[in-house]
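Let me begin by presenting the structure, written as structure tokens, before commenting on it.
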Amino acid sequence: MKRQEIKEILQSEAIGSTIKVSGWVRTKRESKNVNFINLNDGTVLSNLQVVADVNLFDESILRKINTGAALTVVGELVESGGQQKVELVAKEIEVVGEADPDKYPLQPKRHSLEFLREIAHLRFRTNTFSSIARIRHAMIFAVHKFFTEKGFFNIHTPIITASDAEGAGEMFQVTTFELNNPPRSDDGKIDYSQDFFGKHTGLTVSGQLEGELAALALSKIYTFGPTFRAENSNTSRHLAEFWMIEPEMAFYDLNDNMDLAEEFLKYLINYALENCEEDLMFLSQRQQQEEKNKPQDQRSMELIEKLKFVADNEFVRLTYTEAIKILQNSKPAKKGKFQYPVEGFGTDLQSEHERYLVEKHFKRPVILIDYPADIKAFYMKVNEDGNTVAAMDVLFPQIGEIIGGSQREERYDVLVEKMKAMNIPLEEMEWYLDTRRYGSVPHSGFGLGFERLITFVTGMGNIRDVIPFPRTPKNCEF
RNA sequence: UCCCUAGUAGCUCAGUUGGUUAGAGCGGCGGACUGUUAAUCCGUAGGUCGUUGGUUCAAGUCCAACCUGGGGAGCCA
């Protein structure tokens with residue numbers, strides 16, 4: 001007999017049919033004549049209740065049915081008298097894999113997220129993490145679906161790269177040298193010409209520069225790959241290894257870029273609302289339970305309500321200069337409540353400022369554009385005023401910057417001047433500059449931190465809980 | 001990396017101004033009861049108090065350093 005998955009069983013509710021299921025025991029409740037076993041196979045949040053008549057099964061089998069054990073059950077699907085619509089009356093039970101109840105770390109009770117992080121290899125077996133895993137998958141699929149429908153091509157940009165000129169962060173080094181005795185040149189410096197690639201290499205911090213090359217031939221491309229930053233960041237929204245989506249479009253200006261970013265985010269959120277309802281409802285209840293003891297004003301908006309709100313409302317778009325004015329005239333500025341004062345043009349906006357704009361002033365996502373040139377990367381297009389660049393940051397409540405992007409500087413002379421001023425080694429970037437030498441066109445793109453998106457969609461408070469195996473400073477378990 | 005904070009049973013936590021055998025709930029185990037819903041009730045085992053050093057007659061409690069977690073900041077996605 002072919003195994004059926006719990007998802008299809010609960011959908012079909014084929015009363016009276018004999019079926020075979022396999023899964024892991026969540027809880028077992030013993031009764032005089034029957035045992036109730038909640039079985040979960042991960043295909044869906046809900047469990048299937050298996051009813052085992054104690055007179056039908058040997059004591060030695062029933063003893064092995066503990067939380068965490070794997071079972072295959074053959075039985076008849078019947079209407080249930082309890083909370084669930086259907087249940088499985090077992091005829092045969094095979095204990096496929098035992099789980100010693102004395103040692104199995106997951107108990108039928110609530111665990112802290114911090115504890116579950118320490119047993120990340122088992123946390124998939126909890127409602128919370130299986131829900132997140134399913135939503136994460138749905139979002140991966142939706143990303144590819146969105147871009148495919150829009151005529152974008154997915155490009156695999158390299159994971160090992162020699163260009164560390166992107167300025168996006170510290171790189172992890174890639175080498176085959178013996179670290180205690182690397183080859184050295186006469187002046188005592190490490191001689192990378194003898195390394196595997198014949199030069200100094202590292203893990204990518206961004207696929208953007210390579211993405212631009214593809215976009216300036218294929219018109220619209222996107223990357224979706226792992227990204228590595230060796231920054232010593234210890235926050236709830238940074239990972240050393242994360243997944244980033246970077247679309248790059250030829251003949252797009254900053255407005256086109258903003259339109260795409262907003263449409264993209266709303267598409268993804270709507271996809272989750274339409275396809276992950278049960279998991280979202282569970283996470284919503286979980287969040288409300290967790291925040292029950294918080295004072296009213298510190299509780300977050302109900303998850304599904306929050307997602308609908310973002311999907312249904314236009315993002316606010318304003319320039320950096322306008323934002324500075326709003327901040328300077330704000331209550332916290334006048335009362336000296338900001339830890340970092342807003343000094344006027346040139347001030348780098350701090351988290352507290354971004355949060356004020358998004359959470360207090362506008363109460364919705366904000367796209368900030370036209371930042372001062374000196375606080376942004378070399379490749380961003382210089383605006384006509386000469387002081388600002390065509391950058392855009394999409395700011396979300398709670399998580400802050402979810403997207404960073406810009407229109408790129410397509411003018412060869414302007415770009416070279418900028419690179420010189422910012423000490424970018426031109427000789428290593430000739431391949432990039434070739435795109436500006438031959439058939440250069442206006443183009444734009446942005447980067448979306450995939451885990452930040454998942455953090456927002458699931459309502460989780462820590463980015464380490466939305467990636468199966470988080471890599472952070474001092475943490476590379478599993 | 002900086003600031004704040006925490007580390008006591010498998011998990012979540014309590015532990016008084018330093019004072020004798022370190023407690024609870026949940027989970028585990030044993031039993032009772034029972035078409036149950038993280039079942040309920042009774043009983044029971046389980047601890048090098050993060051590590052190292054120091055102060056003291058005496059340290060879970062005070063001091064120092066380190067390790068690890070959490071919150072915030074910076075860097076950013």
Side-chain angles (χ1 to χ4, degrees), chain A residues 26-38 46-54 63 66-68 78-84 87 89 99-119 126-127 166-170 205-208 223-246 261 289 338-340 348-355 375-377 393-396 399-405 446-456 461-465 467 472-475 477:
Chain A
R26 284 292 176 76
T27 58
K28 180 176 77 168
R29 293 175 295 279
E30 296 181 20
S31 186
K32 189 177 181 186
N33 298 310
V34 290
N35 283 3
F36 297 98
I37 303 153
N38 278 5
S46 307
N47 302 318
L48 178 66
Q49 173 160 288
V50 174
V51 186
D53 189 328
V54 293
R63 286 181 70 87
N66 296 306
T67 303
V78 301
E79 276 188 52
S80 175
Q83 298 168 2
Q84 53 284 318
E87 63 189 22
V89 177
D100 184 344
D102 208 32
K103 293 178 182 150
Y104 187 62
L106 287 171
Q107 304 156 3
K109 60 169 277 193
R110 216 182 158 72
H111 288 292
S112 69
L113 295 171
E114 292 81 11
F115 171 68
L116 291 173
R117 231 172 272 154
E118 290 171 16
I119 51 164
T126 64
N127 287 335
E166 289 146 25
E170 287 295 312
V205 294
S206 163
Q208 181 200 317
T223 72
F224 188 171
T227 309
F228 308 88
R229 306 238 169 123
E231 301 286 348
N232 194 6
S233 297
N234 293 289
T235 78
S236 55
R237 49 187 194 286
H238 286 89
L239 293 164
E241 176 183 295
F242 64 101
W243 291 72
M244 187 154 66
I245 298 145
E246 294 178 284
Q289 191 75 23
F338 283 136
Q339 197 187 333
Y340 298 88
D348 209 349
L349 294 183
Q350 306 291 322
S351 274
E352 57 176 348
H353 305 137
E354 295 178 351
R355 292 188 73 133
I375 60 174
K376 287 288 181 183
D393 283 1
V394 181
L395 308 176
F396 263 32
I399 51 176
E401 188 180 341
I402 194 169
I403 278 180
F446 60 81
L448 168 73
F450 185 63
E451 282 76 16
R452 288 196 180 167
L453 172 79
I454 304 299
T455 302
F456 183 76
N462 194 315
I463 200 164
R464 294 162 200 206
D465 295 328
I467 187 166
T472 51
K474 300 287 184 312
N475 182 4
E477 286 295 310

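Note that the structure is predicted; figures quoted are calculated from it, not measured. Proteins get letters first, then strands, A, B, ... in listed order; numbering begins at 1 in each.
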Original post:
When you check every protein heavy atom under 4.0 Å of nucleotides 2-14 of chain B, what one-letter string (B, S, -) results, 5' to 3'?
Top reply: --------BBS--
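- As judged by a 4.0 angstrom heavy-atom cut-off over every strand, A:E451 is placed among residues making no nucleic acid contact.
- Of the charged side-chain nitrogens involved, at least one lies within less than 4.0 Å of a carboxylate oxygen, so that A:K376 and A:D393 count as a salt-bridged pair.
- For A:E79, the CD atom counts as loosely surrounded, since its 6.0 Å shell holds 12 or fewer non-hydrogen atoms of other residues, nucleotides or ligands.
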**OP:** Map every base of RNA chain B to its dot-bracket character, where paired means a Watson-Crick or G-U wobble contact with both distances under 3.5 Å and | marks a partner outside the strand.
**Re:** (((((((..((((.....[...)))).(((((.......))))).....(((((..]....))))))))))))....
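- In this view, A:D53 and A:N55 satisfy the side-chain hydrogen bond (donor to acceptor under 3.5 Å, both in side chains) rule, not counting sequence neighbours.
- A:L453 comes within 4.0 angstrom of no nucleic acid atom, judged by non-hydrogen atoms across all strands.
- The aromatic ring of A:F36 is not stacked on the base of B:rG35, since the criterion of ring centres less than 5.5 Å apart with planes inclined by under 30° is not met.
- Here A:F396 lies out of heavy-atom contact (under 4.0 Å) with every strand.
- Residue A:G82 is in base contact, counting any heavy-atom pair closer than 4.0 Å across all strands shown.
- Within 4.0 Å (heavy atoms only), A:Q339 reaches no atom of the nucleic acid at all.
- At the heavy-atom level, A:K474 lies under 4.0 Å from the strands shown only through sugar-phosphate atoms.
- One distance of note links CD1 of A:I402 with CG of A:L395; it measures 10.0 Å at 0.5 Å rounding.
- Contacts of A:E87 with the nucleic acid, taken as non-hydrogen atoms under 4.0 Å apart, include base atoms.
- Contacts of A:T227 with the nucleic acid, taken as non-hydrogen atoms under 4.0 Å apart, are absent.
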